[in-house]
Amino acid sequence: MANLVLENINKSFGPLQVIPDINLDIKDGEFVVFVGPSGCGKSTLLRMIAGLEEATGGDIRIDGESVIDTPAADRGVAMVFQSYALYPHMTVRQNLSFGLENIRMPKDEIVRRVEAAGKLLQIDTLLERRPRQLSGGQRQRVAIGRAITRDPKIFLFDEPLSNLDAELRVLMRVEITKLHERLGNTMIYVTHDQIEAMTMADKIVVLRKGAIEQVGAPLDLYNRPHNTFVAGFIGSPRMNLIEGAIGASINGRLAFESAGLPPLELTSGAELVAGQKATLGVRPEDFLAGERGWPAEVAVAEQHGANSYLHCTLPSGEPILVHQQGQSRVARGDVLNIAPRSGHWHLFDEKGLRIKTD
């Protein structure tokens, strides 16, 4: 295991800076997920940690030692790629042992490591097959096994499940989580899929345009997003974000107001000023339907069996999503009266930053 520190790490391609100064501390044994939209710099950051991409500035330290000028092969990290990167003419056994043979490891140690990785990943019966004879999930296990045989300090995963079908992705993310629990190594995992991030990570790093927006445990990010970007990105389906302003007090309290909606009374003591622009965030599961509330016309009712997702429209024309457990009898054209559950909403200022409301 190893800890990793990124200190003012940055990357430019000519005059274009794709990653500004990033500072990040990853502890021994943590499973950290870099998440963000396509093009946000997460794979570039991972490749700089691996030594496959040269940093423009800053420092990378593993267990307190700088590796910024250390070749990739000597950093003590192993990377699992999206494309598997297996040698098609070699057997599984040969794919697992090839890197070890190149560093002239003793043959008996190579055999021991290959056999151990095969058993750990349940591919020990596939060692004499070639990649074309394997399923996508089996190929990914071989790619992970090749990393395991190197006995690295840190595992790096670059969107390893994106080539698999939906059902197999679920199975493989469970297997990778179990693997982390068994090995205890530090793991850094890159994905654009925030569901993978939420279900696998000890800590999530949310990136946008090469910069870190927020770092924290999955539920911390879900429950207390720092800004509207994180609020809209973390969670599936995404949080509803409604534009409005802070209105005059009702019963001694301020209220959130938006076109065509009854005011939403806010908690006293909030850092708010009447007249300031604000965005209200409400997760789809935090809307309650009843006799009072905001009128929302149902445009599409998606029935998922155990869950119903109601795509609605507010009087202002703004779309809004409501999640109800169970099988809803609501149909297109029906009008619901919905209101956020008390205390289960978020406020953001006109810059998109979270406003303290308690």
Side-chain angles (χ1 to χ4, degrees), residues 37-38 165-167 169-170 192-196 198-199 219 221-225 227-248 250-251 253-267 272 275-350 352 354-355 357:
S38 297
D165 61 53
E167 183 177 358
R169 281 203 304 273
V170 173
H192 65 274
D193 186 338
Q194 55 85 35
I195 294 179
E196 287 183 15
M198 288 289 293
T199 56
L219 289 180
L221 270 62
Y222 188 84
N223 293 325
R224 297 188 66 82
N227 54 43
T228 51
F229 176 79
V230 177
F233 194 84
I234 296 295
S236 181
R238 71 191 301 274
M239 182 185 290
N240 294 292
L241 297 171
I242 304 164
E243 301 294 329
I246 305 303
I250 301 174
N251 298 325
R253 295 182 179 181
L254 296 176
F256 174 81
E257 297 179 345
S258 187
L261 301 180
L264 174 67
E265 191 172 282
L266 302 174
T267 306
L272 300 169
Q276 75 177 95
K277 293 182 180 179
T279 298
L280 180 74
V282 184
R283 294 208 177 273
E285 67 270 22
D286 287 330
F287 275 118
L288 297 177
E291 295 181 359
R292 298 180 180 180
W294 300 341
E297 183 176 349
V298 178
V300 176
E302 293 184 347
Q303 305 293 345
H304 290 206
N307 297 283
S308 301
Y309 293 94
L310 310 178
H311 297 262
C312 305
T313 304
L314 295 175
S316 62
E318 189 166 6
I320 198 164
L321 180 63
V322 178
H323 170 212
Q324 294 182 339
Q325 291 187 339
Q327 300 175 8
S328 174
R329 297 182 180 180
V330 175
R332 180 179 179 180
D334 289 348
V335 176
L336 301 175
N337 290 317
I338 59 173
R341 285 199 296 153
S342 178
H344 288 75
W345 42 263
H346 311 261
L347 271 182
F348 305 93
D349 64 21
E350 58 184 320
R354 183 181 188 86
I355 299 173
T357 55

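Checked by atom type, the side-chain pair Arg283/His344 shows no donor-acceptor distance below 3.5 Å.
Contact of the His346 side chain with the Arg354 side chain is registered, since non-hydrogen atoms from C-beta on lie closer than 4.5 Å. The closest side-chain heavy-atom distance from His311 to Pro319 is not below 4.5 Å. Looking at Asn337 and Pro295, their side chains come closer than 4.5 Å, going by heavy atoms from C-beta outward. Phe348 has its side chain within reach of Pro225: a pair of non-hydrogen atoms, C-beta onward, lies under 4.5 Å apart. Pro237 has its side chain out of reach of His323: every pair of non-hydrogen atoms, C-beta onward, lies at least 4.5 Å apart. Between Leu347 and Leu272 the shortest side-chain heavy-atom distance falls below 4.5 Å.
Closest of all the heavy-atom pairs between Phe229 and Pro37 is CZ-CD, 3.7 Å. Here the shortest heavy-atom pairing between Ala259 and Ser316 reads O-CB, 3.7 Å. Between Ala296 and Leu314, the shortest heavy-atom contact is CB-CD2, 4.3 Å. Nearest approach of Leu241 to Thr228, heavy atoms of both residues: CD1-O, 3.9 Å. The minimum heavy-atom distance linking Ile242 with Glu318 is given by the pair CA-OE2, 3.5 Å. Between Val230 and Asn227, the closest heavy-atom pair is N-OD1, 2.9 Å.
In this structure, CD1 on Ile246 lies 13.0 Å from NZ on Lys277, to the nearest 0.5 angstrom. Taking SG of Cys312 as the start and CG of Leu336 as the end, the distance is 5.5 Å to the nearest 0.5 Å. One finds the OG atom of Ser328 at 5.5 Å from the CD atom of Gln303 (value rounded to the nearest 0.5 Å). Between the CG atom of Leu264 and the CG atom of Leu254 there is a distance of 11.5 Å, given to the nearest 0.5 Å. A distance of 9.5 Å separates CG in Leu280 from CG in Leu261, rounded to the nearest 0.5 Å. The CD atom of Gln324 lies 12.0 Å from the CD atom of Glu285; values are rounded to the nearest 0.5 Å.
No side-chain donor-acceptor contact under 3.5 Å links Asn307 to the backbone of His304. Side-chain atoms of Asp286 do not come within 3.5 Å of backbone N or O of Pro340 as any donor-acceptor pair. Under a 3.5 Å cut-off, the side chain of Gln194 and the backbone N or O of Gly235 do form a donor-acceptor pair.
More than 12 heavy atoms of other residues, nucleotides or ligands lie within 6.0 Å of CZ in Arg341, so this atom counts as buried by the packing criterion. Environment of CD in Gln327: sparse, with no more than 12 heavy atoms of neighbouring residues, nucleotides or ligands closer than 6.0 Å.
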**Item:** Verdict with reasoning, Asn240 to Phe287, per side-chain contact (heavy atoms from CB on, under 4.5 Å)
**Value:** CA-CA 10 Å; Asn240 294 292; Phe287 275 118; 3.5 Å; yes
